[in-house]
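Please read the structure below before turning to the comments.
In what follows, chains carry the letters A, B, and so on, assigned in the order in which the sequence lines appear, proteins first and then strands, with residues in each chain numbered from 1. These values consider heavy atoms only, across backbone and side chains, with no hydrogens, waters or symmetry-generated copies.
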Amino acid sequence: MQSRWDIGEPERPTINTETEQLKSELLTLNMGPQHPATHGVLRIEIWTDSEVVAHAIPHLGYLHRCMEKHCESLDYRGIIPFVDRLDYLASMNMEWAYAQTVEQMLGTEVPRRAELLRILTCELQRIASHLMAFGTYALDLGAFTPFLYAFEEREKILRLFEEVSGARLLYNYIWIGGVWNDWTDDQLARVSQFCNTMEEEAKKYHDLVSVNKIFVQRTANVGVMTIQDCLDYGATGPVLRGAGMNWDLRRNKPWSLYNEFEFDVVVATAEIGQLGDCWNRYIVRMKEVVQSIRIIRQVIEKLEPGPVMGKVPKIIKLPKGEVYVRQECPRGELGFHLVSEGDSKQPYRLKVKSPCFTNVSMLPRVAPGQMIADFVATVGSIDIVLGEVDR
Amino acid sequence: MSSQVHQTGSVKEYFADLFNGIKTTVVGMWITFKYVWAVKPVSIEYPEVREVLPERARMRLFNDAQNCISCTQCAMACPVDCIYIASEKKPEGAEIKKTSNGQAIRLTLTQFMIDTALCCYCGLCTTVCPTECLTHSHDYEFSQYTIDGMKYDYLAADVIAWRDRIVKS
């Protein structure tokens, strides 16, 4: 029986009648694992007919670290540094999802200030992650300058995180029961200052890249993923919203204090191109940056002095049972499935549902018929992080 | 699913397209051109100019062995097991020293080694230390020729001599 995931042999492209007598065969080309446009160590085997991709097979596992298995021998606090390394461009979101998983089983109450600070850091992290996506996507398409502009702004966020947590990329900042350190008023003032500059910068990026004719020609109507495709493959995040579906866990299944905030779920409207193409996926990210700024401003208004760490036992032992927690990360829907045997310092099983893994599985679906250069644009627009795909 | 449909429209559309292309390129060029004089450079020339690290920056670990009570809590908290501690009981009648915050040192520390090549700089060990002798220093330049050189024995005389140089005030 044929599995529904089995794409099978590719269809041979139609051959020009004049050259029909000539023998033609598909050329196998390896894109990666060191290809700069694959954002990490993803290897994609492409079968090409001249410059048209007939079939693309992503080969995963080059960054596999046995993280899930390794977590079974670590205590619950010691897992947080490993969770950081899943999506190393959005570590705060990973930590939060994991911390919430353990807190739900432990029944810990997180202080209000800690929850607000978590929203603040995670929305800042979302901006940083989308800036990275914007910069590297422009880099994939041959524009080097936007990359530098994006990194200039991202650097400000990383500097704030470094001051508050001590690290620039792998923070270990959101702990079970709260957050590690408190933000000072001075740092919060710098956040609001950053929000002001970031809004102007977002307009600048829009003028520089989004409406640029060359960029539009490279991305509009390329790599179309329809809503039905996205739902079939389980794609989430900007890929799903870029296809025109109004689905954001922050709005649809709000966790923490997200229902107190006013923000719009950004859904692509196909101003340029068509729904589900690279341009629309890209523009969803750029508009989400502006929405994150809105949330950050509201957080700063709501912040009141208070404790940032709840009451957590010194040695965490979870009761017998299991829990599944999902959150909206910059790249989509992240889920942690934690199984505890009870009376143990270590989890029995920690399964990670990674958004990038499902998103990257759509590549074989959209690749056939594309030019190689368009395929690079499609891979870039999904915005994958291989640390999360391979775990 | 064709990759890029070339629009074959009227002459008017053709020129509108051309004008749009030139306009958006000029707008982009103007934004980058402004950086020639209107924007200050943000990069720093690293070996000569150094950024001041924030107070909480987590760089190489340093253990102040005089204040260590050999409780091994740091080694237990470490998720990658990179801290090696050995201690032995003091002989009876030996003088029991006290740490700077008043805890009695009941064991003699015989080995305190951290493999910084394994260390993931998460900071969990420093949070559990009861005497706060294990801290993150601000020292981030410690490349070595061999991987064994990354193992730091904090009881060695040369490492103790660093104390004044790298421990946070």
Side-chain angles (χ1 to χ4, degrees), chain A residues 51-53 70-71 74-75 77-82 84-85 143 145-146 148-149 151-152 155 159-160 162-168 170-172 175 180-181 204-205 207-218 220-224 314 366-375 377-378, chain B residues 1-7 16-35 39-44 51-59 61 73-82 119-128 130 135-138 140 168:
Chain A
E51 215 188 324
V52 178
V53 177
H70 191 55
C71 287
L74 292 168
D75 59 355
R77 281 193 183 89
I79 291 173
I80 294 178
F82 285 86
D84 271 339
R85 282 154 178 80
T145 324
L148 300 174
Y149 294 169
F151 263 55
E152 190 187 326
E155 176 61 36
R159 179 74 192 183
L160 275 165
E162 192 183 10
E163 278 175 27
V164 82
S165 75
R168 287 167 55 82
L170 306 161
Y171 312 103
N172 190 14
W175 281 3
W180 190 351
N181 296 312
K204 191 171 88 180
Y205 301 155
D207 289 339
L208 183 66
V209 177
S210 310
V211 292
N212 186 287
K213 187 73 186 167
I214 306 168
F215 184 78
V216 170
Q217 288 281 335
R218 285 294 303 277
N221 301 319
V222 169
V224 180
K314 203 172 175 191
V366 293
Q370 282 190 321
M371 306 281 262
I372 292 179
D374 289 342
F375 184 62
T378 312
Chain B
M1 201 185 307
S2 90
S3 52
Q4 184 72 63
V5 185
H6 186 69
Q7 311 243 322
D17 247 20
L18 206 64
F19 177 73
N20 186 19
I22 294 167
K23 193 186 125 197
T24 51
T25 312
V26 168
V27 167
M29 287 298 207
W30 176 246
I31 289 169
T32 48
F33 185 67
K34 272 195 286 190
Y35 273 70
V39 182
K40 280 187 201 164
V42 287
S43 53
I44 54 169
E51 214 173 356
V52 181
L53 291 174
E55 182 58 31
R56 284 169 186 155
R58 303 202 300 257
M59 301 296 151
L61 283 165
Q73 283 194 52
C74 48
M76 281 190 283
C78 182
V80 290
D81 299 333
C82 70
C119 177
C120 68
Y121 302 90
C122 62
L124 285 172
C125 52
T126 60
T127 59
V128 294
T135 50
H136 281 284
S137 67
H138 279 182
Y140 52 88
K168 287 180 204 173

_chain A contacts, top residue of B:Gly28, B:Cys122, B:Ala77 (heavy-atom pairs, under 4.5 Å)_ = B:Cys122
*Among the options B:Val27, B:Leu53, B:Leu124, B:Ile22, pick out the one with the most heavy-atom pairs lying under 4.5 Å from chain A.*
B:Leu124
Pairs of heavy atoms under 4.5 Å with chain B: top-ranked of [options]:
options: A:Tyr171, A:Tyr149, A:Phe82; answer: A:Tyr149
options: A:Lys204, A:Glu152, A:Arg159; answer: A:Arg159
options: A:Leu170, A:Thr145, A:Leu148, A:Val164; answer: A:Val164

*For A:Arg85, is it the side chain, the backbone, both or neither that has a heavy atom under 4.5 Å from a heavy atom of chain B?*
side chain
*Heavy-atom distances under 4.5 Å only: say whether B:Ser43 touches chain A with side chain, backbone, both or neither.*
neither
*asked:* Can you tell me which portion of B:Val128 sits under 4.5 Å from chain A's heavy atoms? Options are side chain, backbone, both or neither.
replied: neither
*For B:Asn20, what residues pass the side-chain contact (heavy atoms from CB on, under 4.5 Å) criterion, not counting sequence neighbours?*
A:Lys213, B:Thr24
*asked:* Is there a side-chain contact (heavy atoms from CB on, under 4.5 Å) between B:Val42 and A:Glu155? Walk through the geometry before answering.
replied: CA-CA 10 Å; B:Val42 287; A:Glu155 176 61 36; over 6 Å; no
_Taking OH in B:Tyr35 as the centre, count heavy atoms belonging to other residues, nucleotides or ligands within less than 6.0 Å. Is the count above 12?_
yes
*By side-chain hydrogen bond (donor to acceptor under 3.5 Å, both in side chains), which residues pair with B:Tyr140, not counting sequence neighbours?*
none
*Taking the side chain from A:Arg168 and the backbone from B:Ala57, do they hold a donor-acceptor pair closer than 3.5 Å?*
no
*Nearest heavy-atom pair of B:Met59 and A:Glu162: which atoms, and what distance?*
CE-OE2, 4.4 Å
_Working to the nearest 0.5 angstrom, can you tell me the gap between B:Met29 CE and A:Leu208 CG?_
10.0 Å
